[in-house]
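One structure is given here, and the rest of the page talks about it.
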Amino acid sequence: MSVQQIPTGKIIDGEEVIAIELTNSKGTYVKIFNYGAIINKFIVKNAKGEMQDIVLGFDTFDEYLNPDYLNKYPYLGAVVGRYANRIKNGRFTIDGEDYQLAQNAGTDTLHGGIEGFDKKVWDIVEVGEGPQSSVTLQYESVDGEENFPGNLIIDLTFELTENDELILSYEAEADQATAINLTHHGYFNLAPDGGNIKNHKQQIFASNYLEQDSNYSVTGKLIPVEGTRMDFTKSKAIGQDWDEEEGYDQTYVLDKIYGDLSLATKTIEEESGLVLSVYTTEPVAHLYTSKYLDVKNGKGGRDYGSFGAFCVETQHHPNAVNIPEFPSTILRPEDFYTQTTIYKVSLNK
């Protein structure tokens, strides 16, 4: 197991952008930038014995700052905060105080606003070698950033195990009540040569999904998946029942005890023989099949288009800050935010 830190030569807001490389004894390799906590590479051995990168990204860091990329910005591989997914009308109230956020997705707020945690340089506070290689990144979001209340300190640890598990452990504290809902926006493709993910087989351990309005903002209503195209309780090809124009951009309420670490989703790709199992303590998983993906000159010069990847965004219920029936996304000074999500790669046997 090893950890290496490699300067990119880039300075943003006075902070140096560093690449952190985690490797286990099998050769599994993960590359992370402290800018946006971006997972840039996740290289594993497939069933053919080939080393295969299963996440979308760029060959160099500078390309994450390309204006064309930012103009069609898909949050490639980045952490999302202070609040993942959509907040309806960009508004919420805590203890009688109203807060208005930037409306960067129509009338709603998406993924933390104009400049979320995905565009921040995080501090590298700890690296670890031994049975597992790990790095802990920290970011302090100041009171009023993107108009969220309270100073918030977040620690995010990436840990690569000998079992090809990439463990993301989040911890956060705030000095006043604030809204928080963190996730990671990795784009996965398990096929050796990439391409459309419609033939990936998907299973989601959820009996219900959340109703959305026309702008993908959840309403508070749970809908059973049984008898609908949203049903992934049994493994099936992602494209078997999908709307070919829309794909999936849906939040699933997991069948689990709140807070327990359990299996949320499992994705299989037959040609590579790879299986991606996602475990989480979070109550929901958002499946996004990349309808709006439009990235030029990705890794190896490859363009990434619609349905060229899938995302499993583990989080609390979107817009929960406005829906009291949902598990709370309010963090108070006396509380401690924790979340664990594991991306485990294995071979289909």
Side-chain angles (χ1 to χ4, degrees), residues 39 42 54-55 74-75 77-81 83-86 110-111 156 165-170 180-190 197 200-212 216-226 228-238 241-242 246-269 275-291 307 309-320 323 326-327 329 337-345:
I39 299 175
F42 192 166
I54 62 172
V55 297
Y75 304 84
V79 73
V80 171
Y83 207 96
N85 216 301
R86 286 162 174 79
L110 176 66
H111 291 337
L156 171 54
E165 299 162 314
L166 182 61
I167 304 172
L168 278 61
S169 303
Y170 305 74
I180 182 173
N181 192 17
L182 305 178
T183 193
H184 211 277
H185 212 302
Y187 284 75
F188 293 92
N189 191 313
L190 306 182
I197 47 87
H200 284 54
K201 291 184 176 178
Q202 183 69 51
Q203 187 171 14
I204 305 175
F205 299 91
S207 300
N208 297 279
Y209 69 97
L210 296 180
E211 181 184 67
Q212 297 173 164
Y216 302 101
S217 187
V218 304
T219 65
K221 181 180 178 182
L222 274 67
I223 303 176
V225 300
E226 186 176 4
T228 75
R229 69 182 185 90
M230 303 295 180
D231 191 350
F232 285 98
T233 52
K234 295 180 180 178
S235 183
K236 69 177 182 181
I238 289 177
D241 299 319
W242 72 358
E246 294 294 324
Y248 292 96
D249 195 349
Q250 206 74 46
T251 303
Y252 287 82
V253 181
L254 300 171
D255 297 333
K256 58 176 294 182
I257 297 173
Y258 179 74
D260 281 3
L261 181 64
S262 59
L263 182 61
T265 70
K266 179 182 283 189
T267 314
I268 301 171
E269 204 285 319
V275 181
L276 178 68
S277 301
V278 181
Y279 298 79
T280 189
T281 56
E282 293 297 273
V284 309
H286 188 91
L287 176 67
Y288 175 50
T289 55
S290 308
K291 172 186 175 180
F307 314 118
F310 68 95
C311 304
V312 177
E313 304 163 52
T314 56
Q315 58 193 272
H316 269 54
H317 299 53
N319 199 32
I323 303 174
F326 285 170
T329 51
Y337 173 94
T338 62
Q339 185 214 132
T340 300
T341 291
I342 301 174
Y343 299 105
K344 178 178 173 57
V345 182

ring-ring contact (aromatic ring centres under 6.0 Å, His included) between His286 and Tyr288: does it pass, once the steps are laid out? CA-CA 6 Å; His286 188 91; Tyr288 175 50; 7.1 Å; no
Using modelled atom types only, decide if a donor and an acceptor are shared between the side chain of Gln250 and the backbone of Leu210 within a distance under 3.5 Å. yes
Do any N or O atoms from the side chain of Thr314 and from the backbone of Glu282 form a donor-acceptor pair under 3.5 angstrom?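 Checked: no pair found.
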Angle class for the Tyr75/His185 ring planes (parallel below 30°, perpendicular above 60°, tilted otherwise)?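 Answer is parallel, since the angle falls under 30°.
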Describe, in one word, how the ring planes of Tyr252 and Tyr209 are oriented to each other, choosing from parallel (under 30°), tilted (30 to 60°) and perpendicular (over 60°).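 Ring orientation, 0 to 90° scale: tilted.
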Applying side-chain hydrogen bond (donor to acceptor under 3.5 Å, both in side chains), name anything that partners Asn181, two or more places apart in sequence or on another chain.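 Asn181: no side-chain hydrogen bond (donor to acceptor under 3.5 Å, both in side chains) contacts found.
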Keeping to residues at least two apart or across chains, list the salt bridge (charged side-chain N to carboxylate O under 4.0 Å, His left out) pairs with something in residues 252-266.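 Matches after skipping sequence neighbours: none remain.
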Report the residues that fulfil side chain to side chain contact (heavy atoms under 4.5 Å, CB included) with [X], sequence neighbours left out, ordered by chain and then residue number.
X      : answer
Thr281 : Leu261, Gln339, Thr340
Lys221 : Glu211, Thr219, Ile223
Pro224 : Asn208
Pro283 : Tyr258, His316, His317

May I ask you to check if Lys234 and Phe232 form a cation-pi contact, with NZ or CZ under 6.0 angstrom from the six-membered ring centre and within 45° of the axis?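 Pair Lys234/Phe232 does not count as cation-pi.
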Write down the atom of [X], the atom of [Y], and the distance for their closest heavy-atom approach.
X      : Y      : result
Gln212 : Thr251 : OE1-N, 4.0 Å
Gly186 : Cys311 : O-SG, 3.4 Å
Val345 : Phe42  : CG2-CZ, 3.7 Å
Phe326 : Val218 : CE1-CG2, 4.1 Å
Val284 : Pro318 : CG2-CD, 4.4 Å
Val253 : Ala206 : O-CB, 3.1 Å

Asp241 and Lys236 ion-paired at < 4.0 Å: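 Salt bridge flag = yes for Lys236 with Asp241.
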Measure the [atom1]-[atom2] distance between [X] and [Y] for me, rounded to the nearest 0.5 Å.
X      : Y      : atom1 : atom2 : result
Leu166 : Ile342 : CG    : CD1   : 9.5 Å
Thr341 : Tyr279 : OG1   : OH    : 13.0 Å
Thr280 : Tyr343 : OG1   : OH    : 8.0 Å
Phe205 : Leu263 : CZ    : CG    : 4.5 Å
Gln203 : Ser277 : CD    : OG    : 9.5 Å
Thr289 : Glu246 : OG1   : CD    : 9.0 Å

For residues [X] and [Y], determine if any side-chain heavy atom of one lies less than 4.5 Å from a side-chain heavy atom of the other.
X      : Y      : value
His200 : Phe188 : no
Val80  : Glu313 : no
Leu182 : Tyr337 : yes
Phe307 : Ile238 : no

Lys291 vs Asp249, test: side-chain contact (heavy atoms from CB on, under 4.5 Å). Steps then yes/no. CA-CA 8 Å; Lys291 172 186 175 180; Asp249 195 349; over 6 Å; no
side-chain contact (heavy atoms from CB on, under 4.5 Å) between Leu156 and Leu168: does it pass, once the steps are laid out? CA-CA 7 Å; Leu156 171 54; Leu168 278 61; 4.2 Å; yes
Let me see the working for Phe310 and Leu276 under side-chain contact (heavy atoms from CB on, under 4.5 Å), right down to the final yes or no. CA-CA 11 Å; Phe310 68 95; Leu276 178 68; 4.0 Å; yes
Determine, stepwise, if the pair Asn189 / Ile54 fulfils side-chain contact (heavy atoms from CB on, under 4.5 Å). CA-CA 5 Å; Asn189 191 313; Ile54 62 172; over 6 Å; no
